[in-house]
2 protein chains.
Amino acid sequence: MALTREQLIDAAVGILSEFGLADLSMRRLARELDVQVGALYWHVKSKQELLVEVAAKLLDSVPKPDSPAVNLAPMAIAALLSQLRTALITIPDSAEVMQLAQSMRPDSLDPLGWLLEFLEICGVPESDAPMARHVLVNHLLGSISAQQESLALAAGTEPTAGSDTWGQESFDYGVRVILRGIIAEYPKN
Amino acid sequence: MALTREQLIDAAVGILSEFGLADLSMRRLARELDVQVGALYWHVKSKQELLVEVAAKLLDSVPKPDSPAVNLAPMAIAALLSQLRTALITIPDSAEVMQLAQSMRPDSLDPLGWLLEFLEICGVPESDAPMARHVLVNHLLGSISAQQESLALAAGTEPTAGSDTWGQESFDYGVRVILRGIIAEYPKN
DNA sequence: ACCTGAACACCGTTCAAGT
DNA sequence: ACCTGAACACCGTTCAAGT
């Protein structure tokens, strides 16, 4: 039975989740799928294109939520960013993959369209919403990769119980501060 | 005359500045310096270590400034971040290199010690200053890499005059919003 | 102390040729 | 349409041996 583009992407996500980005090579992927390397290039134009698809798949894990009421919008944003964080933090190098995808195709975070929408509910004008989202996403990805490496360094060490606390606290701090700053930017109507 | 670790690092910065991270390989570096690849590994433990040194060198371009007065501290921070941005934006993939260095040795941004200091002048307690800095640095690096790629995509296109405007505006927006949020976090004494 | 030569174990991408 | 086989032009790292 013929290999599918879907299968290819799923296998890539699998290797990433289990072994990290360094092990996610086209050759390794081909081995896993019992095909020759060249076969992959029939389904996918390049490794970069594949990584963009992988990033998209990672974002799918957090589904588009319902629109909140005006006064609840900031808390809804904070909650959903936190959800995204916990989803991505378990996948090695997920932040790097997202950053790569984002820099190769800026519309990679279109799945986060709800973020734009929620920000506008908060009072952010349509023109500024993309910039506000950018700040939040930068913080999300930056926090994740910062913490994933500290987890990697502590891999040899005993797993000091609750070593997530610093990363979590730092992440929450940033979200709170940024949201406050964004809302303060626009005088209440 | 013997090769120096300094020369090695400088050559690396040179290749990065001229051709980008993709061309910065140990073999290319060796060719440029008229030595065999193995020679590099006498001066440097690994490519990663070299990149950390490169990142440090990039940060050196903005020297530690004098401490501002309390009421001017936020503007001083904004001004210096802007200076850092203009210094790094001319160097291809500089943000990626900084992020790599940061994730390999978290004290990579010790050169930005002034940022901690300035934040404390703004009223941020010592315990929170590292988190506040993290948010600002994430925004700085995220903005830079976002814009560098849009420059790379526009490389084939005609250089639409003033195409920096969006990146600049988006960067300034983020700095303003984050600083406002940070300051609002702490009731005035 | 500093470097060469050569190897080891990999990469991403392309493409004629097969089925 | 989908894949193989094989090549091209690279990687980072190690290490005996040279000077």
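Order of the sequence lines sets the chain letters (A, B, ...), proteins ahead of strands, with each chain counted from 1. Keep in mind that this is a model prediction, so the values were computed, not measured.
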Exercise for review: Verify the cluster assignment for B/I178 and B/L116: are they in a single hydrophobic cluster under the rule of side-chain heavy atoms below 4.5 Å apart?
Suggested key: no

**Study point:** Worked check of side chain to side chain contact (heavy atoms under 4.5 Å, CB included) between B/Q99 and A/E96
**Key:** CA-CA 10 Å; B/Q99 272 155 355; A/E96 280 83 347; over 6 Å; no

Revision key, fill the gap. Sequence neighbours excluded, the answer for side chain to side chain donor-acceptor pair (under 3.5 Å) partners of A/K57 is A/E6, A/D10

Point to revise | Residues in side chain to side chain donor-acceptor pair (under 3.5 Å) contact with A/S67, at least two apart in sequence or another chain | key: A/E117

Practice item. Select one nucleotide: of C/dC3, C/dT4, D/dC3, the one nearest the side-chain heavy atoms of B/Q36. Key: C/dT4

Check your understanding: Think A/H43 has a side-chain N or O under 4.0 angstrom from the OP1 or OP2 of D/dC3?
Key -> yes

How far does [atom1] of [X] sit from [atom2] of [Y], to the nearest 0.5 angstrom?
{"X": "B/E120", "Y": "B/L115", "atom1": "CD", "atom2": "CG", "result": "11.0 Å"}
{"X": "B/M104", "Y": "B/S46", "atom1": "CE", "atom2": "OG", "result": "7.5 Å"}
{"X": "A/I77", "Y": "A/C122", "atom1": "CD1", "atom2": "SG", "result": "4.0 Å"}

Practice item. Starting from C1' on D/dT4, measure out to CG on A/L40 and report it in whole angstrom. Key: 12 Å

Practice item. Name all residues meeting the side chain to side chain contact (heavy atoms under 4.5 Å, CB included) criterion together with A/P65; count only those two or more places apart in sequence or in a different chain, and write none if there are none. Key: A/L80, A/W114, A/F118

Point to revise | Span that lies between the P atom of C/dA9 and that of D/dA9, in whole angstrom | key: 23 Å

Revision key, fill the gap. Within residues 8-16 of chain A, the residues having a heavy atom closer than 4.0 Å to DNA chain D are none

Exercise for review: Summarise how protein sits on nucleotides 11-19 of chain C as a single string, 5' to 3': B when a protein heavy atom is under 4.0 Å from the base, S for sugar-phosphate-only contact, - for no contact.
Suggested key: BBBBB----

Review point. Is the B/H139-B/F171 ring centre distance short of 6.0 angstrom?
Key: yes

Exercise for review: State the dot-bracket string of DNA chain C. Criteria: Watson-Crick or G-U wobble, both atom distances under 3.5 angstrom; notation: ( ) intrastrand, [ ] crossing earlier pairs, | interstrand, . unpaired.
Suggested key: ||.|||||...|||||.||

Exercise for review: Output yes when A/R5 and A/E49 qualify as a salt bridge under the 4.0 Å nitrogen-oxygen rule, no when they do not.
Suggested key: yes

